[in-house]
Structure formats: C-alpha cells, structure tokens
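Note that the structure is predicted; figures quoted are calculated from it, not measured. What you see below is based on every heavy atom in this structure, not just the backbone, and it leaves out hydrogens, waters and symmetry mates. Along the sequence shown, the residues carry numbers beginning at 1. In each ligand, atom 1 is the first atom listed, and ligand 1 is the first ligand listed.
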Amino acid sequence: MYSLLCPNLIYNSLHDLEYNHLKSRGIKGIIFDLDNTIIPWDSQEMSPEIIAWLNTLLAEGFKICFLSNNMGKRVKSIATIFNAPFVSRAYKPAKKGFRQAIATMELSPNQVAVIGDQLFTDILGGNRLGLVTIWVKPLSAKEFIGTKITRRLEKLAVGLLKTKGLLK
Ligand SMILES: [Mg+2]
C-alpha cells in the first residue's frame, strides 16, 4: 500500500529531468499536472523557461497530455499553447482521468510517465496504473486550501516511506 505513494523519480525542478532517461525506459508520453507543477497555483501565466522546456519535449518526439483536477477553462488555456490534449476535473487519484489521458496519446500505460507535485493525487494515481511516476517540488508555496490539508498528510506519508526505506 505504502509503495503506491512512492514516486519512481524525484526532482527539485522540472529542468533537472533528463528526458533521455525516460526514453531509455520506453516512455513515449508524459502526463502533466498543471497547478504548481508547470504553473504556479495562483498564476495565469507559465514561465518562458517552462514553455521552452515543454516545447523541447515535443520536439524530441514525446506526446504530452495535461491532467488536472482544476476547471476546464484554465486547463484548456494552457493545453492550447502546445496544441495538446487535456483532461480537466479529473478527480485524481481516480483512475478514469489517467486512462483518458493515456487514451488521448494513443499509448499504453507502460509507455507513459506522469509528472506532478502531489503524492496523494498525481503519484498515487499514476502508480495505480503502473505509470512511471515523477514527483517535483511545488512551484509556489501558495496553494488551494484543500491542498494545504493534504500536504500535512503528505508530510506524514513521506516520513513513513522514509522509515520503511521506500524513499531516500
Ligand atoms: Mg499540482
């Protein structure tokens, strides 16, 4: 059970991610969380560096899909920049949204990675479907009130994973 909360890879920043490593693991598509993963929760604009980084992934041949619990309008405005598919109001960690995201990329679960800032939504959901799960530090300290509550549980979970030797 605990292992379902355990990410396969952990990075301080998206920019630390080596996409060649993902390629070597057979990853062809990446599901992206939106809020605090590629855009600060309280912001409407992505940084030019992250836009450039995502465009590099696309140029390298990766498919991408945005998967967010947030509302359609916000998710669509980001997805449109990259002409990429999206799933909004996804109720992560529910499997349904992840399955939809995988289907839009026309890939199978073992070809897909998910990148997100929350263990209880992005990582748990991705692990339930056997995706490569990548945990990144949140972009902003400001968060949705519900997220602030789950962050406390996340801290407890991280402590537990560490004592069980599942997380370094
Ligand atoms: Mg997030």
Side-chain angles (χ1 to χ4, degrees), residues 2 4-17 19 22 27 29-55 57-58 62-82 84-102 104-105 109 112-159 161 167:
Y2 300 120
L4 280 178
L5 285 171
C6 200
N8 298 122
L9 298 163
I10 302 173
Y11 295 107
N12 276 327
S13 156
L14 285 178
H15 302 287
D16 296 335
L17 191 147
Y19 52 78
L22 293 183
I27 298 302
I30 304 174
I31 294 173
F32 279 94
D33 169 52
L34 208 71
D35 291 297
N36 271 348
T37 296
I38 59 161
I39 182 167
W41 172 70
D42 58 343
S43 166
Q44 292 298 325
E45 286 193 29
M46 289 176 72
S47 76
E49 291 81 14
I50 289 182
I51 292 177
W53 183 80
L54 279 164
N55 279 325
L57 287 182
L58 291 169
F62 286 98
K63 293 180 177 181
I64 64 171
C65 181
F66 297 97
L67 179 68
S68 174
N69 287 350
N70 213 319
M71 288 174 293
K73 205 176 159 193
R74 178 168 167 84
V75 189
K76 189 181 179 183
S77 70
I78 299 295
T80 307
I81 300 173
F82 305 98
F86 68 92
V87 179
S88 57
R89 289 188 187 271
Y91 300 103
K92 289 179 281 184
K95 289 179 186 172
K96 190 181 170 193
F98 284 89
R99 288 207 180 102
Q100 283 176 337
I102 294 163
T104 65
M105 296 189 287
V112 175
V114 57
I115 304 182
D117 70 302
Q118 287 195 65
L119 289 186
F120 284 100
T121 57
D122 310 306
I123 304 306
L124 176 58
N127 281 338
R128 289 176 78 198
L129 287 175
L131 312 185
V132 170
T133 49
I134 303 168
W135 193 34
V136 289
K137 225 178 163 175
L139 286 179
S140 163
K142 291 184 189 167
E143 298 191 292
F144 172 60
I145 180 76
T147 307
K148 283 190 179 169
I149 295 163
T150 52
R151 284 287 178 211
R152 294 191 173 191
L153 293 172
E154 198 175 87
K155 264 191 184 170
L156 290 172
V158 167
L161 291 172
L167 202 69

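- Going from atom CG of D117 over to atom CD1 of I38 covers 11.0 Å, rounded to the nearest 0.5 Å.
- Classification of K142 and D35 as a salt-bridged pair fails, no side-chain N sitting under 4.0 Å from a carboxylate O.
- Listed for the T133 side chain is no donor-acceptor partner under 3.5 Å among the backbone atoms of I123.
- N12 places no side-chain N or O within donor-acceptor distance of the main-chain N or O of K137, the cut-off being under 3.5 Å.
- The distance from the CG atom of L54 to the CD1 atom of I78 is 10.0 Å, given to the nearest 0.5 Å.
- Annotation: protein N, O or S atoms under 2.8 Å of the Mg ion (ligand 1) (waters excluded) comprise D33 OD2, D35 O, D117 OD1.
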Distance-only criterion, 3.5 Å: show the donor-acceptor pairs between side-chain atoms of residues 91-100 and protein atoms not counting sequence neighbours.
{"residue": "K92", "atom": "NZ", "partner": "D33", "partner atom": "OD1", "Å": "2.8"}
{"residue": "K92", "atom": "NZ", "partner": "L67", "partner atom": "O", "Å": "2.8"}
{"residue": "K92", "atom": "NZ", "partner": "D122", "partner atom": "OD1", "Å": "2.8"}

